[in-house]
Chemist: 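Got a structure here, written out as structure tokens. Questions coming.
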2 protein chains.
Amino acid sequence: MTDDGVGTGRSAPATLHDVAREANVSLATASRSLNGSTRRVNEEYRKRVLEAAARLDYSPNLSAQAVARGTTTTVALLVADIADPYFSSIAAGVVAEADTDRLIVTMAATERDPERELELVRTLRGQRPRVMILAGSRPATDPTEGALAEELRAYERSGGRVVLISRNELGLRTLLVDDRGGAEALARELVAIGYRRFAVITGAEGLRTAADRVDGFRDGLAATGGTLDDDVIRDAFTRDGGYSGMRALLERGLHGVELVFAANDVMAVGALSAIREAGLVPGTDVAVAGFDDIPTVRDVTPALTTVHVPLEELGRRALRLALGDGEAADEGAVQTEVVLRESTPRITR
Amino acid sequence: MTDDGVGTGRSAPATLHDVAREANVSLATASRSLNGSTRRVNEEYRKRVLEAAARLDYSPNLSAQAVARGTTTTVALLVADIADPYFSSIAAGVVAEADTDRLIVTMAATERDPERELELVRTLRGQRPRVMILAGSRPATDPTEGALAEELRAYERSGGRVVLISRNELGLRTLLVDDRGGAEALARELVAIGYRRFAVITGAEGLRTAADRVDGFRDGLAATGGTLDDDVIRDAFTRDGGYSGMRALLERGLHGVELVFAANDVMAVGALSAIREAGLVPGTDVAVAGFDDIPTVRDVTPALTTVHVPLEELGRRALRLALGDGEAADEGAVQTEVVLRESTPRITR
DNA sequence: CTGTTAGCGCTTTCAG
DNA sequence: CTGAAAGCGCTAACAG
């Protein structure tokens, strides 16, 4: 069969060359009509090209454009776990913002494995993305930390821009979230409504986000007279980690703890279930607070007190920051806001 | 400054050419050492090339490879809404599976807008992805339906593979989910534990997934003696849609309805909140069941009865199917499974 | 405004 | 086994 791109058989996609021939113009004219910057092409020719393109079902080869132009329209996004609402909300923001700039997002998941993260960065770099956004903190004491930073720097040196969301890697652009301040404010408000004895469930030691939140919470208590003692349980920074962390806490006895602060909402939700399973009533027998304000926490019972983080906005701002939007850079840390709900009823003593 | 790729200044990324020069071998040898199929390169040379590459921090330009090879390592994924747990779970599966094949995933969100979807498919096609996966049903009666199908077919004709998850587009590969059978089984089980009077909250008319579920549910009731009457409320296929749909239902009066079946879990969760807000106790005053078994439904109260869909597995299988894994193709519709939880307690009458 | 042509970075014949 | 050279699809000078 002839390779005219119309038959039912399988054929290579039409190239710009094909379009030019079909329209009886030069390659350059075809290129200019289809993609060229300012329209400095005869309307007549232009029309012919557009029609030919439509007829052949032409779709510009982005890879070829990238090679020729020396620049891509790609944004790379690296998250720990796509199914986690924290990350999927951020991803939604990145994708939405990218879309307004007609950028394409490629996404990968580290599964919280630093080695994997490093390898993914290496692969993704091959795409020559304009921007690379990494979300999700890694252990502070990770052995591959240096290698990652080096890789990222090499990428920046070659013209890329990286933005880290809420984590620190020496010398790289970071979109800061006021985790610490938010946790501190939360602690204060909780003390203000009557709580005094607290326990904390958090992620592995060294996770920056988790650590900041716990530190902030501690500060807030210290300033207002709440006590945390040494009630800090560490477990996976996931729903199941929250669940098993809470179980651990219950097993060793609450000993007067009135409120459990989980360093993120998914953990808090897991904790809620553990409490309920133990035959206690969350909010009544023991209060729970989380952090992030992921969508579902309004719908659990009792609705969860938490610290609101504008997750989707985080994704949007990260991209804007990476693209060099000065404004975004100047705004400082993203502000968080305490949201008191039923999981922490006011108590009178 | 010299452009040696080592200084602190900004410099273009090292090319294969640079590596070849640095290693004192030809371009071809460098290429073969770094990426070439079977190692038919002198070990000595090979080593030199690898070292040079490391020294220059070389990262192969994927776009250039794509142009030269005429094929990419890209998978395109289109979903309605990334932040929706249904889609983010599927996406997690696609990304995980892609990773094992060293494929890169690019992701876009249609925001449930058919026009947008069409445009995205057009853009994504420019990437020449090996595979395109579309999840999330579109209205059956959409005017752009034909254009989409045509676009997709053109893509397939040019060598791409498309897989639709749980939706029908004339003549395209589809990963079927047994929505209908699952809903029917659910209906039967609900009748078996005592329910008789039902209402349904579902998405917009014409959404295939939603329609199948409602039809299946109806069939199940018909076979066992439950009644649905005309209690079918339509609203957005989202959490908020479930919430407002439930409110609508409550406002016009339950009139003896014992159980509300929401066509997906996010709607069911919204419904739960609406019920509670109305001062009723879900599960006790009115039972609720959903569909999908997204992670959070174990953690709401009461835990939600639903039909389990292996969401992440769906993503994995979609990709395998697209990549032409025969096995995946032969397995038929993905099976679903009823999961009875506390939101639908057994009732005796 | 239009066409010719030299690349972009990489792969892959095709000779040595 | 190695290297020279011809592309891959597209863009961007550069001449007309």
Side-chain angles (χ1 to χ4, degrees), chain A residues 3 5 11-50 52-53 56-74 125-129 158-159, chain B residues 3 5 11-49 52-53 56-74 123 125-129 158-159:
Chain A
D3 204 29
S11 57
T15 69
L16 188 58
H17 193 117
D18 299 332
V19 175
R21 189 154 34 76
E22 171 91 4
N24 246 300
V25 299
S26 73
L27 238 194
T29 299
S31 173
R32 291 195 270 253
S33 310
L34 257 15
N35 322 302
S37 37
T38 30
R39 63 188 294 295
R40 48 211 223 256
V41 111
N42 183 317
E43 190 52 39
E44 156 76 10
Y45 279 13
R46 196 183 137 75
K47 224 185 95 200
R48 244 158 64 196
V49 172
L50 261 24
L56 299 183
D57 212 341
Y58 171 74
S59 160
N61 183 322
L62 262 28
S63 293
Q65 289 190 324
V67 173
R69 300 210 242 247
T71 151
T72 66
T73 56
T74 300
R125 193 142 89 82
Q127 294 223 38
R128 303 287 183 272
S158 66
Chain B
D3 204 29
S11 57
T15 69
L16 188 58
H17 193 116
D18 299 333
V19 175
R21 191 155 32 77
E22 171 90 3
N24 246 300
V25 299
S26 74
L27 238 193
T29 299
S31 172
R32 291 195 269 252
S33 310
L34 257 15
N35 324 301
S37 38
T38 29
R39 62 188 294 295
R40 48 209 222 254
V41 108
N42 182 318
E43 189 52 40
E44 157 73 10
Y45 279 13
R46 198 184 135 74
K47 226 185 93 200
R48 245 158 62 195
V49 172
L56 298 184
D57 210 342
Y58 172 72
S59 161
N61 184 322
L62 261 30
S63 293
Q65 289 191 323
V67 173
R69 300 211 242 247
T71 153
T72 65
T73 56
T74 300
T123 308
R125 192 142 90 82
Q127 294 225 37
R128 302 289 182 272
S158 66

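Just so we're on the same page: letters track the sequence lines, and every chain starts at 1. Values below: every heavy atom of this structure, side chains too, minus hydrogens, waters and symmetry copies.
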Chemist: Where is the tightest heavy-atom contact between A/Val19 and A/Ala52, given as atom of each residue plus distance?
Modeler: O-CB, 3.9 Å
Chemist: Expressed in angstrom and rounded to an integer, what is the separation of A/Arg69 atom CZ from C/dG9 atom C1'?
Modeler: 16 Å
Chemist: To the nearest 0.5 Å, what is the distance between CG (B/Asn35) and CZ (B/Arg69)?
Modeler: 6.0 Å
Chemist: With respect to the phosphate group of C/dC10, does any side-chain polar atom (N or O) of B/Gln65 fall under 4.0 Å of OP1 or OP2?
Modeler: no
Chemist: Does A/Ser31 make a side-chain N or O approach to OP1 or OP2 of D/dT11 shorter than 4.0 Å?
Modeler: yes
Chemist: Using atom CD of A/Gln127 as one end and atom P of C/dC8 as the other, report the distance to the nearest whole Å.
Modeler: 22 Å
Chemist: May I ask you to decide if B/Thr72's main-chain N or O and B/Arg128's side chain share a donor-acceptor pair within less than 3.5 Å?
Modeler: no
Chemist: If you find the nucleotide of DNA chain C closest to B/Tyr58 and the one closest to A/Tyr45, which residue's nucleotide is nearer the 5' end?
Modeler: A/Tyr45
Chemist: Output yes when at least one side-chain N/O atom of B/Asn61 is less than 4.0 Å from OP1 or OP2 of C/dC8, else no.
Modeler: no
Chemist: Between A/Leu16 and B/Asn24, which residue's closest nucleotide on DNA chain D lies nearer the 5′ terminus?
Modeler: B/Asn24
Chemist: Rounded to the nearest Å, what distance is computed from the CG atom of residue A/Asp18 to the P atom of nucleotide D/dC8?
Modeler: 11 Å
Chemist: To the nearest 0.5 Å, how far apart are OG in B/Ser26 and NE2 in B/His17?
Modeler: 10.5 Å
Chemist: Round to a whole Å and report the spacing from CZ of B/Arg128 to P of D/dG9.
Modeler: 9 Å
Chemist: Under 3.5 Å, which N/O atoms of the protein pair with N/O atoms of nucleotides 13-16 of chain C?
Modeler:
none

Chemist: Go through the steps for B/Glu43 and B/Lys47 under the test salt bridge (Lys or Arg N to Asp or Glu O under 4.0 Å), then give the verdict.
Modeler: CA-CA 6 Å; B/Glu43 189 52 40; B/Lys47 226 185 93 200; over 6 Å; no
Chemist: Would you please confirm or rule out a distance under 4.0 Å between OP1 or OP2 of D/dT2 and any side-chain N or O of B/Asn42?
Modeler: yes
Chemist: So, applying side-chain contact (heavy atoms from CB on, under 4.5 Å) with B/Arg125, which one of A/Asp57, A/Leu62, A/Asn61 is it?
Modeler: A/Asp57
Chemist: Find the distance B/Leu27:CG to C/dT11:C1' and express it as a whole number of Å.
Modeler: 10 Å
Chemist: Does A/Ser33 use its side chain to pair, donor to acceptor, with the backbone of A/Thr29 at less than 3.5 Å?
Modeler: yes
Chemist: Find the distance A/Arg46:CZ to C/dT2:C1' and express it as a whole number of Å.
Modeler: 15 Å
Chemist: Does a side-chain N or O from B/Thr29 land closer than 4.0 Å to OP1 or OP2 of D/dG3, or not?
Modeler: yes
Chemist: Please determine whether a side-chain nitrogen or oxygen atom of A/Ser26 lies at a distance below 4.0 Å from atom OP1 or OP2 of C/dG3.
Modeler: yes
Chemist: From CG of A/Leu34 over to C1' of D/dT11, roughly how many Å is that when rounded to an integer?
Modeler: 13 Å
Chemist: Whole angstroms only, please: what is the CG-P distance between B/Asn35 and D/dC8?
Modeler: 20 Å
